[in-house]
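Beneath this line is the structure, given in structure tokens, with notes to follow.
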Amino acid sequence: MDSRRFAKTVLAGTLILLVTAGGLTAVIDPFFHFHKPLKNLEYPLNRGSERYLNDGIIRHFDYDAAITGTSMMQNFKTSQFDELFGTKSIKVTLTGENYWSVDQEIRKIFDVKSDVKCIFRCLDYHMVFRYKTDYNYEGVPIYLYDDNLFNDVQYIFNKDIFLYNTLGVIKYNLEGKKTTDMDTYSEWSSVYPSGREYVLRDYRMPEEKTAVQKEFSERDAQIVRKNVEENVLDMVRAHPETTFYFYTPPYSIVWWYTQQCYGNVLRYFEAEKLQAEMLLEYDNVKLYSFADMFDLTQDLDNYKDDKHYNAEISDKIIDWIYDGTGLITKENYEERISKMEEFYLNQVSESSFSE
């Protein structure tokens, strides 16, 4: 009898602990899966947790605009964007993701919002040929992205989420901290310094350099068309009331020199031309490119590595877009992109940045 009573006591105690822990997670809801932030609590929006937080932010925050895209956009400030464009925006970026996964977030935004004024999104050069209808990372918490109540047990009764996130919110409040704002959420500039020494520290000279640039093949064109049609233009066409601000980011000359060595410069810029032709057919699209700001891309102090520009450049990009600087049009896209192609193909060498 004592052993049976002990077993029942252990089971009851375990059940109580599970219900208590699960209940705390559901009520506090550190990833906003069930509701918006509670008024009496402050929440840490931790850098690196965007795949857990973004969906809840999209579902439950109050906004009429969104800054979306990859790590190229993580240093953008929603406060600056809102002041210029008269919006109330969220920032929901995804490190290292492809066109498809960013589009999935945009689709979710339109699923839950009927009054989206604008979407601000980068179109990364190195993702334009990567047509993939899946995430680039393993372990993505899909259970937070759907409306299936049954798989919410993976959230509510998740030991790690309870210990590090649910209790983390409580600890955060006991320390008297305030909810992370959208300017700070997902930014990396305060963690990773920029500068020439940091860019060149990670640079590795290509072992071989091709003498001939690869042609932009019909297969390449098919991939770009499919990628842009399905993962960019579907939402543009479906929401003519929304203005879409797209831009191709200004990678540094170190990245472009590497692509020159691999024979990819021609392919990337021909892809950009095709993408521009497709996007510029729509009145609700504003398209920008900054790769022809050669003073910017040659100054490695603007970067933390070969692609990622710092917060100061991010601030300037928002200003430029508001002012119309860098705007791509039907009249100028061929000339501007051809100018970029010629520069990075013929006027950039390793001596341009290694001396």
Side-chain angles (χ1 to χ4, degrees), residues 46-51 67-77 91-99 101-102 120-130 132 135-137 183-209 247-265 267-269 271-272 288-318 320 326 340 343-345 347-355:
N46 294 319
R47 188 180 60 84
S49 297
E50 53 195 2
R51 283 176 176 77
I67 296 174
T68 66
T70 63
S71 52
M72 297 295 142
M73 305 192 74
Q74 289 175 332
N75 291 324
F76 285 125
K77 298 180 178 66
K91 182 168 60 176
V92 282
T93 54
L94 290 170
T95 300
E97 280 295 359
N98 52 36
Y99 274 36
S101 52
V102 173
F120 181 30
R121 174 184 178 181
C122 65
L123 299 170
D124 299 63
Y125 282 106
H126 70 295
M127 291 295 179
V128 70
F129 292 115
R130 299 186 188 182
K132 180 182 178 184
Y135 296 98
N136 283 338
Y137 288 81
D183 286 358
T184 307
Y185 175 49
S186 79
E187 68 85 26
W188 49 258
S189 63
S190 62
V191 179
Y192 296 102
S194 58
R196 176 187 179 84
E197 62 180 296
Y198 300 102
V199 177
L200 296 182
R201 181 185 62 186
D202 298 328
Y203 168 70
R204 297 293 179 271
M205 183 187 300
E207 294 182 2
E208 296 182 6
K209 179 179 179 181
Y247 77 101
T248 49
Y251 294 170
S252 81
I253 57 167
V254 175
W255 190 83
W256 283 113
Y257 174 71
T258 303
Q259 298 311 311
Q260 182 192 121
C261 293
Y262 294 150
N264 288 325
V265 171
R267 291 177 67 238
Y268 277 119
F269 284 119
E272 185 176 6
Y288 298 79
S289 186
F290 306 106
D292 53 354
M293 290 187 172
F294 303 130
D295 287 343
L296 186 164
T297 61
Q298 291 180 93
D299 184 354
L300 299 187
D301 286 338
N302 293 321
Y303 297 86
K304 82 172 182 75
D305 55 33
D306 62 349
K307 293 192 295 293
H308 292 86
Y309 40 85
N310 59 28
E312 288 75 15
I313 299 302
S314 295
D315 291 348
K316 289 180 179 180
I317 287 174
I318 289 182
W320 290 332
M340 300 173 200
F343 179 82
Y344 293 111
L345 190 57
Q347 299 185 45
V348 170
S349 65
E350 192 167 56
S351 64
S352 302
F353 55 82
S354 61
E355 293 179 349

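This chain uses plain numbering: 1 for the first residue, then up along the sequence. Atom set for the values below is all heavy atoms of this structure, side chains included, hydrogens, waters and symmetry mates excluded.
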Task: Where M72 and Y309 come nearest, the two heavy atoms and their spacing - done: O-OH, 2.8 Å
Task: Any residue meeting salt bridge (charged side-chain N to carboxylate O under 4.0 Å, His left out) with K304, in chain and number order, not counting sequence neighbours - done: none
- [ ] Determine, step by step, whether T248 and S289 satisfy the side-chain hydrogen bond (donor to acceptor under 3.5 Å, both in side chains) criterion, reporting the C-alpha distance in whole Å, the side-chain angles of both residues, the deciding distance to 0.1 Å, and the verdict.
- [x] CA-CA 5 Å; T248 49; S289 186; 2.8 Å; yes
Open item on the list: Tell me if the aromatic rings of Y303 and W255 count as close, with their centers under 6.0 Å from one another.
Closed with: no
Task: Listed partners of Y185 passing ring pair (Phe, Tyr, Trp, His ring centres under 6.0 Å), at least two apart - done: none
TODO: Output all residues satisfying side-chain hydrogen bond (donor to acceptor under 3.5 Å, both in side chains) with Y99, sequence neighbours left out; order by chain, then residue number.
DONE: Q275
Open item on the list: Run the side-chain hydrogen bond (donor to acceptor under 3.5 Å, both in side chains) test on Q74 and T95 for me, step by step, so that the C-alpha distance in whole Å, both residues' side-chain angles and the decisive distance to 0.1 Å come before the verdict.
Closed with: CA-CA 8 Å; Q74 289 175 332; T95 300; 2.8 Å; yes
Open item on the list: Side chains of N75 and S314: any donor to acceptor distance under 3.5 Å?
Closed with: no
- [ ] Would you sort out whether T258 and Y262 count as a side-chain contact (heavy atoms from CB on, under 4.5 Å), showing the intermediate values?
- [x] CA-CA 6 Å; T258 303; Y262 294 150; 3.3 Å; yes
Open item on the list: As a test of understanding, state which of F290, Y247, Y288 forms a side-chain contact (heavy atoms from CB on, under 4.5 Å) with W320.
Closed with: F290
- [ ] Would you indicate whether the side-chain heavy atoms of H126 and Y251 approach each other to under 4.5 Å?
- [x] yes
- [ ] Starting from the C-alpha separation in whole Å, work towards a yes-or-no answer on side-chain contact (heavy atoms from CB on, under 4.5 Å) for H308 and Y192.
- [x] CA-CA 10 Å; H308 292 86; Y192 296 102; over 6 Å; no
TODO: Determine, using ring centers only, whether F76 and F120 are less than 6.0 Å apart.
DONE: yes
Task: Residues in salt bridge (charged side-chain N to carboxylate O under 4.0 Å, His left out) contact with D292, at least two apart in sequence or another chain - done: R336
Open item on the list: Which residues pass the salt bridge (charged side-chain N to carboxylate O under 4.0 Å, His left out) test with E272, not counting sequence neighbours?
Closed with: none
TODO: Check step by step if side-chain contact (heavy atoms from CB on, under 4.5 Å) holds for Q347 and F294.
DONE: CA-CA 11 Å; Q347 299 185 45; F294 303 130; over 6 Å; no
Open item on the list: Please give me the minimum heavy-atom distance between M73 and T93, naming the atom from each residue.
Closed with: CB-CG2, 3.9 Å
Open item on the list: Between W256 and Y125, is the ring centroid distance below 6.0 Å?
Closed with: yes
- [ ] Sequence neighbours left out, what passes salt bridge (charged side-chain N to carboxylate O under 4.0 Å, His left out) with D183? Give chain and number order.
- [x] none
- [ ] Show the numbers, then the answer: is there a side-chain contact (heavy atoms from CB on, under 4.5 Å) between Y135 and E97?
- [x] CA-CA 7 Å; Y135 296 98; E97 280 295 359; 3.5 Å; yes
Open item on the list: Measuring only between side-chain heavy atoms, which start at C-beta, is Y344 closer than 4.5 Å to Q260?
Closed with: no
